[in-house]
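Working notes, beginning with the structure itself.
Counting convention: from 1, in listed order, for ligands and their atoms alike. Computed from a prediction, not measured in an experiment: that's the story for all the values here.
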Amino acid sequence: MQDRDYMQLAIDMARSALGQTSPNPAVGAVVVKNGQVTGLGAHLRAGEPHAEVHALKMAGEKANGGVLYVTLEPCSHYGKTPPCADLVMKSGIRKVFVASTDPNPLVCGKGIARLKEAGIEVQTGLLEEEANKINEVFFHHIKTGLPFVTLKTAMTFDGKISTASGESKWITGSEARADVQQLRHRHDAIMVGIGTVIQDNPSLTARIPGGGKNPIRIILDSKLLIPLTSRLLNDKEASVWVIAGRAHDREKASDLRGLGAEVIEMEGSRPAVIPLLKELSRRGITSLFVEGGAEVHGSFLKEQAFQQIIAYMAPKLFGGRDARTAFGGEGISRMADAAMVEFTDISKVGSDIRITAKPARR
Ligand SMILES: Nc1c(/N=C/[C@@H](O)[C@H](O)[C@H](O)COP(=O)(O)O)[nH]c(=O)[nH]c1=O
Ligand SMILES: [Zn+2]
């Protein structure tokens, strides 16, 4: 095995815990001595030991004189657990490969500097691109203080999200819808507009074999129109936050609170996207999965307040001038102002295709 193979192993372990370490990054670590793997570890949940702690504990004596491969720079500050940089120094490790350097101002470069001062050789950047991709949510949240936003839509080949008569079940097939459940599992919160709640009475839970982690369910409902009998208000499967506008029905708000929902009051009649994202981040949301409908997607598009779009496209067509398309709202009127994206992945999922895109670098 080469250095990059050991780092690939560390990256694969980090990826296996994606979604469950939030708001912490997903990290993997491998200890190697004389060409033998002597320790492995991944950070599994916020508050639990970091990847390096697991790997160095497993290696024990066999860390001495060994090499550590870690996907993210070892921390050097006292968070919920003691700094890993100190542990690495004590363990006798002689060389450390780091894939991503940590953008967290508390850590940025300090962990590496501590290791070098202790006479440990440090090489950064091995498989950096792949390691950064794993923690794109964490890095975005640290840098901007906002949740990493993914807009998800399911449309026909001609871009419709329902027929002209409003039918939408189902546009995409069972494999694509199972894929969506995985995405829900990985996100701190899922958001839909009140139109989707009234139309579909959704549960918005992550139903994956072996049980998924249900995201917090956020409903954009400025006038509190949500029916008290809605499934997601009564299924007790996951928290519900209802986003209300300034002048909303106080009585309805207390009825909703009576059902265990949070009612978050925002300025103005319709909550503006960026202040809403700031409020969600303040409440600990680092990743947000916006499942529509068209008006909600339209408002995020208008503000260009997204870091990723995942569009599932089915091999069927509806036509119909009144059949809704994926992005509604006022829209962008000038060609020059079009939101530009880069396609980062196009994959088959059952008989559908999944197109992943991110904002084009300016
Ligand atoms: N119509 C479709 C979708 N529709 C997505 C949302 O409009 C639905 O309300 C939401 O998935 C329902 O959530 P649930 O109750 O938890 O299943 N999404 C998809 O991927 N394919 C579709 O064909
Ligand atoms: Zn650490």
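- Below 30°, between 30° and 60°, or above 60°: for His50 and His43 the angle between ring planes is above 60°, a perpendicular geometry.
- Under the 4.5 Å side-chain criterion, counting only non-hydrogen atoms from C-beta, Arg186 is not in contact with Thr150.
- For ligand 1, the atoms lying closer than 4.0 Å to a non-hydrogen atom of Ile171 are 22 (C), 23 (O).
- Residue contacts with ligand 1 for Gln181 are absent, since no atom lies close enough (heavy atoms, distance under 4.0 Å).
- Between Arg354 and Glu175, no side-chain nitrogen of the basic residue sits less than 4.0 Å from a carboxylate oxygen of the acidic one, so the salt-bridge criterion is not met.
- Residues Ile226 and Leu232 come closest through the heavy atom pair CD1-CD1, 4.0 Å.
- Summary of contacts: the protein heavy atom closest to atom 12 (C) of ligand 1 is Pro202 CB, 3.6 Å.
- A salt bridge links Glu136 to Lys133: at least one charged side-chain nitrogen sits closer than 4.0 Å to a carboxylate oxygen.
- We find that Glu279 and Arg283 are joined by a salt bridge, their nearest charged nitrogen and carboxylate oxygen being less than 4.0 Å apart.
- Vertex the Zn ion (ligand 2); arms to Cys84 atom SG and Cys75 atom SG; angle 110° (nearest 10°).
- Proximity to Ala154 (heavy-atom distance under 4.0 Å) selects the following atoms of ligand 1: 18 (N), 19 (C), 20 (O), 21 (N), 22 (C).
- Here the heavy atom of the protein found nearest to atom 17 (O) of ligand 1 is Arg207 NH2, 2.8 Å.
- For Asp200, every heavy-atom contact with ligand 1 shorter than 4.0 Å involves the side chain, none the backbone.
- Under 4.0 angstrom from ligand 1, the non-hydrogen atoms of Glu291 all belong to its side chain.
- Close contacts between ligand 1 and Trp170 involve ligand atoms 1 (N), 2 (C), 3 (C), 22 (C), 23 (O) [criterion: under 4.0 Å to a heavy atom].
- By the criterion of a heavy-atom distance under 4.0 Å, neither the backbone nor the side chain of Lys169 is placed next to ligand 1.
- Between Ser168 and ligand 1, at least one N/O pair is under 3.5 Å apart.
- Of all the heavy atoms of Thr172, the ones lying under 4.0 Å from any atom of ligand 1 are found in both the backbone and the side chain.
- Lys33 has no carboxylate O lying under 4.0 Å from a charged side-chain N of Glu61, or vice versa, which leaves the two without a salt bridge.
- Between Tyr6 and Tyr69, the ring-plane angle classifies as tilted under the 30° and 60° cut-offs.
- Looking only at heavy atoms of the protein, atom 15 (O) of ligand 1 is closest to Ser203 N, 2.9 Å.
- The Zn ion (ligand 2) is closest to atom ND1 of His50 (considering only N, O or S atoms).
- Listed by number with element, the atoms of ligand 1 under 4.0 Å from a non-hydrogen atom of Lys152 are 3 (C), 5 (C), 18 (N), 19 (C), 20 (O).
- In the vicinity of Thr196, heavy-atom distances shorter than 4.0 Å reach the ligand 1 atoms 7 (O), 9 (O).
- Salt bridge absent: Arg94 and Glu121 never bring a charged side-chain N and a carboxylate O closer than 4.0 Å.
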*Residues Lys110, His77; criterion side-chain contact (heavy atoms from CB on, under 4.5 Å); working and verdict*: CA-CA 9 Å; Lys110 293 198 185 85; His77 64 289; over 6 Å; no
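- Nearest to atom 13 (O) of ligand 1 by heavy atom, out of Arg184, Glu237, Arg177, is Arg184.
- Residue-to-ligand polar distances keep Val180 apart from ligand 1: every N/O pair is separated by 3.5 Å or more.
- The pair Lys252-Asp255 does not count as a salt bridge, with every side-chain nitrogen at least 4.0 angstrom from each carboxylate oxygen.
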